[in-house]
Amino acid sequence: MQPAVQHITILGATGSIGVSTLDVIARHPDRYKVFALTADRRWQLLATQCLQHQPRYAVLNDASAASELTRELRKQGCNTEVLQGLAALELVAAHAQVDAVMAAIVGAAGLLPTLAAVQAGKKVLLANKEALVMAGGLFTQAVNKSGALLLPIDSEHNAIFQCLPNHRSDYLAGGLVSSGVRKILLTASGGPFRNTPLADLPHVTPEQACAHPNWSMGQKISVDSASMMNKGLELIEACWLFNTRPHQVQVVIHPQSVIHSMVEYIDGSVLAQLGNPDMRTPIAHALAWPERIESGVASLDIIATARLDFSAPDLQRFPCLRLAQEAADVSGTAPALLNAANEIAVAAFLARQIRFDQIAQVIDHVLTRLDAVEPTSLAQVQSADAEARALASQLIKSW
Ligand code: NAD
Ligand code: MG
């Protein structure tokens, strides 16, 4: 039997994940219809996407970009309605006609629209890991209350999800240990600076940091991968997604990025998910789950892969990973402080205002000076986020 057509909102349609999502959706017009596409300000690409997918709504964060898009779409005879701003992002995330929301805005900007989708009980395909890092507890409560289905897009978490038992409700209620899981092995490529001499790290450029050996991604996550903050954020993400504690998650360097993560059970079995490093695999998996659909990803040539290497991460080389592990242990608003300081530091590094090694210094400064609390409201998370941003910016200005 043909499944009913699903209506999809893509938050962050013009980004790396957004573009890959539209690629998968375009392969299955019988299954998926785009309901809304959103972006920050890149209206030209959004216009092209609207002309191809004919969504009901297009939303831009930036007001003048929204006017440009409206003019362009009218000129082309496209009926997509253009909206602007945060309330519009929340509207298309929570709209009654939407079945699934791809949450692929980068950074803290994605928190409120993603939460709106969760509160409306949608199937939420979560790429925006920062939202869960900032407000994991409140996010999880909202999922439980609304009955939203949260499916991981991050390749590691999607791999872990595929290797975990099918009875999600068991481990979500009782924790991974109760499902016979000993630990999660979270793999990391080690990024472009895995073997760079330590003395050279202060001199690396944004271009070098963004040249990831295996994955093509947005700028912010590329820098996070180079500093391994990305793996730190993913550690925190895994704890919330799979109801586990940081000590049950072991970070493993695996430079080939063929194994996307593993799960070890108490009987000694280790299950892994393998594939080419192409985000269309986890996107297609989550879109169709529990079914399987074509993603356009090439077949994995295991013979050409030839070897798979593993090593432990060097915390001296990657202090951001250590800082994230510490924030994960402290919990409460510590991950929100870490995330906010990191966003400010990464933006300053990309703008050539600070050196690569100063990213960790900014985060350390913020985490040492601001106390974490156990947040009971979103306002507390947002104020931790704002305080951390202010302190990080102040330090950067003083340099
Ligand atoms: P990207 O920079 O390529 O795209 C970001 C998208 O968010 C764009 O569409 C942009 O317009 C939108 N956006 C940015 N700021 C916004 C704002 N203030 N308001 C509204 N929209 C805004 O990023 P990406 O690489 O696609 O990553 C998106 C998310 O997915 C990130 O959280 C990242 O960590 C996660 N992720 C990405 C990959 C990957 O392969 N790219 C893999 C795993 C997880
Ligand atoms: Mg990842």
Side-chain angles (χ1 to χ4, degrees), residues 8-26 32 34-53 55 57-62 65-66 68-69 80 82-86 88-90 92-93 100-114 116-117 124-134 151-158 206 209-212 214-226 229-230 233-234 237 277-284 286-287 295-297 339 342-343 346-347 350:
I8 317 281
T9 282
I10 303 180
L11 302 171
T14 54
S16 162
I17 293 288
V19 168
S20 293
T21 304
L22 285 172
D23 181 280
V24 176
I25 285 180
Y32 307 109
V34 178
F35 177 80
L37 295 174
T38 86
D40 185 23
R41 58 187 64 236
R42 284 176 66 191
W43 64 268
Q44 294 93 335
L45 177 54
L46 197 60
T48 309
Q49 294 177 334
C50 287
L51 291 174
Q52 187 185 348
H53 296 276
Y57 293 110
V59 184
L60 281 154
N61 191 37
D62 183 84
E68 297 282 3
L69 180 67
T80 298
V82 179
L83 304 174
Q84 183 261 322
L86 175 63
L89 288 173
E90 293 178 333
V92 298
V101 175
M102 167 57 78
I105 292 175
V106 61
L111 176 63
L112 293 177
T114 305
V124 178
L125 317 182
L126 186 76
N128 179 211
K129 64 191 87 184
E130 295 92 346
L132 204 53
V133 167
M134 291 174 72
L151 293 171
I153 293 298
D154 216 343
S155 58
E156 295 77 3
H157 305 74
N158 186 270
C210 289
H212 195 280
N214 307 337
W215 299 93
S216 151
M217 310 179 285
Q219 281 196 318
K220 192 260 178 183
I221 184 176
S222 295
V223 176
D224 284 350
S225 299
M229 175 53 87
N230 184 48
L233 299 176
E234 290 185 357
E237 183 187 11
D278 186 324
M279 289 306 293
R280 290 176 301 175
T281 294
I283 290 167
L287 269 173
S295 65
V297 175
N339 178 66
N342 182 56
E343 285 191 25
V346 169
L350 285 169

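All of these numbers come straight from a predicted model, not from anything done at the bench.
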Got a sec, which residues hit side chain to side chain donor-acceptor pair (under 3.5 Å) with Asp224, two or more places apart in sequence or on another chain?
-> Lys220, Asn342
Which value, rounded to the nearest 0.5 Å, describes the distance between Asn158 atom CG and Leu151 atom CG?
-> 8.5 Å
For Met102, the option from Thr9, Ile153, Leu11, Leu287 that meets side-chain contact (heavy atoms from CB on, under 4.5 Å) = Ile153
Side-chain (Thr48) to main-chain (Gln44) donor-acceptor, under 3.5 angstrom = yes
So do the side chains of Lys129 and Asn230 get within less than 4.5 Å of each other, counting heavy atoms only?
-> yes
Compare every heavy atom of Thr80 with every heavy atom of Ala58, then report the nearest pair and how far apart it is.
-> N-CG2, 3.5 Å
Under 3.5 Å donor-acceptor, Asn128 side chain and Gly107 backbone = yes
State the CE-OG distance between Met217 and Ser222, to the nearest 0.5 angstrom.
-> 4.0 Å
Scanning both residues in full, the closest heavy-atom pair of Gly12 with Ile105 reads N-CG1, 3.8 Å
side-chain contact (heavy atoms from CB on, under 4.5 Å) partners for Ala26, two or more places apart | Gln52, His53
Donor-acceptor list for residues 15-23 side chains, cut-off 3.5 Å, not counting sequence neighbours:
from, atom 1, to, atom 2, distance (Å)
Ser16, OG, Ser216, O, 3.4
Ser20, OG, Ser16, O, 3.2
Thr21, OG1, Ile17, O, 2.7
Asp23, OD1, Arg27, NE, 2.9
Asp23, OD1, Arg27, NH2, 3.1
Asp23, OD1, Arg280, NH1, 3.1

Quick one: closest heavy-atom pair of Ala116 and Ala93, and the distance?
-> CB-CB, 4.4 Å
How many angstroms lie between atom CG of Leu126 and atom CG of Asp154, to the nearest 0.5 angstrom?
-> 8.0 Å
Closest heavy-atom pair, Glu237 versus Val133, reported as atoms and distance to 0.1 Å, is N-CG2, 4.4 Å
Only one of Val101, Ile25, Thr38, Val92 forms a side-chain contact (heavy atoms from CB on, under 4.5 Å) with Ile10, so which one is it?
-> Ile25
Side-chain contact, heavy-atom cut-off 4.5 Å: Glu130 with Leu111?
-> no
Grab the two heavy atoms, one from Asn339 and one from Ala108, that are nearest each other, plus how far apart they are.
-> ND2-CB, 4.4 Å
In this structure, OG of Ser155 is separated from CD1 of Ile283 (nearest 0.5 Å) by 10.5 Å
Under 3.5 Å donor-acceptor, Glu156 side chain and Glu234 backbone = no
Step through the shown structure and confirm whether more than 12 heavy atoms of other residues, nucleotides or ligands are within 6.0 Å of CD on Gln219.
-> no
Kindly give the heavy-atom pair with the smallest separation between Ala65 and Leu60, and that separation in Å.
-> O-CD1, 3.4 Å
Measure the CD-CG distance between Gln84 and Leu69 for me, rounded to the nearest 0.5 Å.
-> 11.5 Å
